[in-house]
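Below is one structure, written out as structure tokens, with a few remarks after it.
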Amino acid sequence: MDHTVGSNEEVPVAVDDNAVTVTNSRFHIARSSSPSSSCNRQQGTNKSGTVLLAYKSLGVVFGGLVTSPLYVYPSMALKSPTKDDYLGIYSIMFWTLSLIGVVKYACIALKADDQGEGGTFALYSLLCRHMNIGSITSTSVNSQSSLSYNNLHQGFEKPSRLGMFIERSLIARRVLFFIAILGMCMLIGDGILTPAISVLSAMDGIRGPFPEFSNSLVEALSALVLVVLFLVQKYGTAKVSFLFSPIMGAWTLTTPLIGIYNIIRHYPTIFKAISPHYIYQFFSRNGHEGWLLLNGMVLCITGSEALFADLGHFDRPSIQLAFLSFIYPSLVLTYAGQTAYLIKNPNDHNDGFYKFIPKKLYWPMFVIASLAAIVASQSLISATFSVIKQSVVLDYFPRIKIVHTSSSNEGQVYSPETNYTLMVLCVAVILIFGEGKEIGNAFGVVIILVMLITTLLLILVMIVIWKTPPLLVTLFSFIFLTLETFYTTSVFTKIKEGGWIPFAISLILAFIMFGWFYGRQRKLQYELTHKLDINHLKTLISDPSLQRVPGLCFFYTNIQDRGEGFTPVLGHYLKNMKSIHELIVLTTLRYLLVPKVGPDKRYVVKPLGPKGVYVCLVQYGYADSVSLQGDFVSQVISLIENFEGREMGNLNEAVVHVRGKTRFYVSKKCTRFDRFMLGFYEFMHSNCRSGLPTLGVPLQQRIEVGMLYEA
């Protein structure tokens, strides 16, 4: 069965109430076992392919990071800065880029991919696959199935003491889940603020030659540019990358050249500031005021999380090559040039980028900067699409439309609802908080919290999965937690001055995710408690009053014969309908916490016991596509024919797909927390997309069976 996703093909996300299970068991699927790895990753297996991917990544991954010189110095509240102040600031930015950009992300985080997928949610799913931590309700839910192939579950290791503690502690599991969704929500906040501050900062350059341009006009122009950018997202990352990589290549090449020019002209010895001694002097001299300036300096590492989150769009070697050989040197030289200029012109910091450009190059650089700001927006927009898709297919977020935009790379996706929501919020941020410093304050909060969450999850990965020596874990934790905690305490002082924006956005998103996941887990708990066991099923099937009609019925359930029984909706259906098809396939779609599952592990079908009753397990990764039309039905019929010993080609004409449409009945016995959360879940469930249409099941073949679950 070919699972290559065609252009603009919709990604299935979940069958409704009784149809999908997410597996959290400890297993490992080797990367080589996934034949559906993308063309991009295949290109990366040779040097020329890696170079080509590195070039393409410039237009998608690094836009936010490499355009940070547009707004870093203007975001700092500098008061009569001296030469020594600027040397200290450059030293801090150099070591921040080196430690966080090079060491943490390029050398460590990229190795913590979840089989090609990156980001905080991929780290969480990686931890879930090595620990039984997927449940956040009071009763742990085990989603392991006896239908799974034994060779799918390999690489068992004795869990660490920390891993065992997290598995046993409900509070620890909930805290870890909250940290993961907060990281995802903050990254979405980054996807809102990066386009706003990048485009606004670039467009503000027009006021240099034309000071009569008002702030309102610049804001309106910036909003228009962003609207156009979001409208072209539906054409896909590949097309965007093709258009944007040359732009970003020009920006990344010209800014360090201008930096070198300013270094030679204004302060040739600028690189002495690389010595950490200047950092010590800066804080000794400025104290509390120097600490407050960190909330502007942190913007120099803007977009570094996209380096990790966009991993699914490219691969590790190409991203490392682009960053270490091109992006990092460009930033070091550009900031050095800006600082050299400001040492000689200390009061120009409010326009620290456009002022250091030679006058003859002003307009060409304005055009390049404006185009580069658009590219910067793209990197976080792409990352937002990726993390939203991961959370949807893992059933941590209400179902929304996800579309594949590439026939060769399934990591390239687009979500209309997400896209237009981002567009509205970006425009609102520009028009309401047009002052660059307020957006910069909000931006600083997002950047540092995402980095801090990634650090915490990486520490867990080191301890639980990699079994890293304690000394190295301690060293990593000390360096990065200390550095990022200093930044965090500084940016939090700006909560009232724009920093509350990402908190408001993240709180809303986190509440949606927690409510959805909590409701789904409560439904699974009810089904396990009121399951239909195999003996009861045999009794119902053998009842003489039950009529068997010709045809094939796929009955979707999210608990299977693993010693736990079947969904209560099945018993409800048989008792009330008093008829069933001659062949019944009790089907579970299981999204494993891996990106892809090979075709040889995709389907498992076996007879259950009662005549004509089979169980089918369909296993998919969160980067796979699912369709319940055509080849799926044919393959299941072919597998059944092996057991029946006869051909059943005519069954294709008499196929129905039955799913449960369940709702909670919230009684007065429920706690206030349950009444509120389950009510909120039901509201979301009633207004989100249905699962079966997404999976391509024709309308005339769908049957829904309603049932109330008592909470």
With under 30° as parallel and over 60° as perpendicular, where do the rings of F385 and Y414 fit, or are they tilted in between?
perpendicular
Using a 3.5 Å distance criterion without hydrogens, assess whether the side chain of S57 forms a donor-acceptor pair with backbone atoms of A54.
yes
With T339 via side chain to side chain donor-acceptor pair (under 3.5 Å) - residues at least two apart:
Y73
Between the CG atom in L99 and the OG1 atom in T482, the distance rounded to the nearest 0.5 Å is 11.0 Å
With a 6.0 Å cut-off (strictly less than), is the heavy-atom count around OH of Y280, excluding the residue itself, greater than 12?
no
Parallel, tilted or perpendicular: which describes the rings of Y354 and F366, with under 30° parallel and over 60° perpendicular?
tilted
Closest non-hydrogen atom pair between I181 and A510, with its separation:
CD1-O, 3.7 Å
Please confirm whether the backbone N or O of L299 pairs with a side-chain atom of T302, one donor and one acceptor, at under 3.5 Å?
yes
Residues which pass salt bridge (charged side-chain N to carboxylate O under 4.0 Å, His left out) with E417, listed by chain and number, not counting sequence neighbours
R689
Side chain to side chain, T418 and I381, heavy atoms closer than 4.5 Å:
no
Would a distance-only check, ignoring hydrogens and angles, find a side-chain to backbone donor-acceptor pair under 3.5 Å from S91 to S275?
yes
Are the side chains of I505 and M186 in contact, using a 4.5 Å heavy-atom criterion?
no
Ignoring hydrogens, what is the shortest heavy-atom contact between I192 and L425? Give both atom names and the distance.
CD1-CD1, 3.4 Å
Among pairs that include at least one residue of residues 96-106, which meet side-chain hydrogen bond (donor to acceptor under 3.5 Å, both in side chains), considering only residues two or more places apart or in two chains?
T96-Y487, S98-Y328, K104-T455, K104-E484, Y105-E305
By salt bridge (charged side-chain N to carboxylate O under 4.0 Å, His left out), R285 pairs with (sequence neighbours left out) D85
May I ask you to test the N419-K234 pair for a side-chain heavy-atom distance under 4.5 Å?
no
Interatomic distance, K56 atom NZ to I319 atom CD1 [nearest 0.5 angstrom]
13.5 Å
Once you round to the nearest 0.5 Å, how far does OG of S245 lie from CG of L52?
9.0 Å
Output, in order, the C-alpha distance, side-chain angles, deciding distance and verdict of side-chain contact (heavy atoms from CB on, under 4.5 Å) for Y86 and L78.
CA-CA 10 Å; Y86 281 121; L78 294 169; 4.0 Å; yes
With a 4.5 Å cut-off on side-chain heavy atoms, are H349 and P74 touching?
no
Within the distance-only criterion (no hydrogens, no angle test), does the side chain of S490 pair as donor or acceptor with the backbone N or O of F486 below 3.5 angstrom?
no
Between Y90 and K272, is any side-chain donor less than 3.5 angstrom from a side-chain acceptor?
no
Steps toward ring-ring contact (aromatic ring centres under 6.0 Å, His included) verdict (F353, W251)
CA-CA 13 Å; F353 179 75; W251 167 268; 5.3 Å; yes
From CA spacing to verdict: side-chain contact (heavy atoms from CB on, under 4.5 Å), V102, F323
CA-CA 8 Å; V102 176; F323 179 75; 3.7 Å; yes
Least distance between heavy atoms, I270 atom then A340 atom:
CD1-N, 4.4 Å
Which atom of L333 lies closest to which atom of P256, heavy atoms considered
CB-CB, 3.8 Å
Can you list the steps and then say if I343 with H266 is a side-chain contact (heavy atoms from CB on, under 4.5 Å)?
CA-CA 8 Å; I343 286 174; H266 297 295; over 6 Å; no
Kindly give the heavy-atom pair with the smallest separation between M248 and L58, and that separation in Å.
CG-O, 3.2 Å
Could you give the side-chain donor-acceptor pairs of residues 196-204 under 3.5 Å, partners two or more places apart or in another chain?
{"residue": "S198", "atom": "OG", "partner": "T194", "partner atom": "O", "Å": "2.8"}
{"residue": "S201", "atom": "OG", "partner": "I197", "partner atom": "O", "Å": "2.7"}

With side chains defined as the heavy atoms from C-beta onward, is the minimum distance between R265 and Y261 less than 4.5 Å?
yes
Quick one: does any side-chain atom of N286 pair with a main-chain N or O of F282 as donor and acceptor, under 3.5 Å?
yes
All N/O donor-acceptor pairs, side-chain side in residues 62-72, below 3.5 Å, sequence neighbours left out:
{"residue": "T67", "atom": "OG1", "partner": "G63", "partner atom": "O", "Å": "2.7"}
{"residue": "S68", "atom": "OG", "partner": "L65", "partner atom": "O", "Å": "2.8"}
{"residue": "S68", "atom": "OG", "partner": "Y335", "partner atom": "OH", "Å": "2.7"}

Calculate, to the nearest 0.5 Å, the distance between atoms CD and CD1 belonging to Q320 and I327 respectively.
14.0 Å
Hey, could you give me the OG1/CD1 distance between T252 and I368, rounded to the nearest 0.5 Å?
10.5 Å
Is the shortest heavy-atom distance from the side chain of I89 to the side chain of M297 under 4.5 Å?
yes
I258 side chain near P358 side chain, heavy-atom distance below 4.5 Å:
yes
Under 3.5 Å: donor-acceptor pair, side chain of N347, backbone of S80:
no
Is a donor on one side and an acceptor on the other found under 3.5 Å between the side chain of S318 and the backbone of F314?
no
Would you check if V228 and L231 make a side-chain contact, meaning some heavy-atom pair closer than 4.5 Å?
no
If you measure from CG on L483 to CG on L294, what distance do you get to the nearest 0.5 Å?
9.0 Å
Please step through side-chain contact (heavy atoms from CB on, under 4.5 Å) for the pair L182 and I453, ending with a clear verdict.
CA-CA 8 Å; L182 183 62; I453 288 170; 3.9 Å; yes
Closest heavy-atom contact between D348 and L342?
C-CD2, 3.7 Å
Does a donor on one side chain sit under 3.5 Å from an acceptor on the other, for W291 and T489?
yes
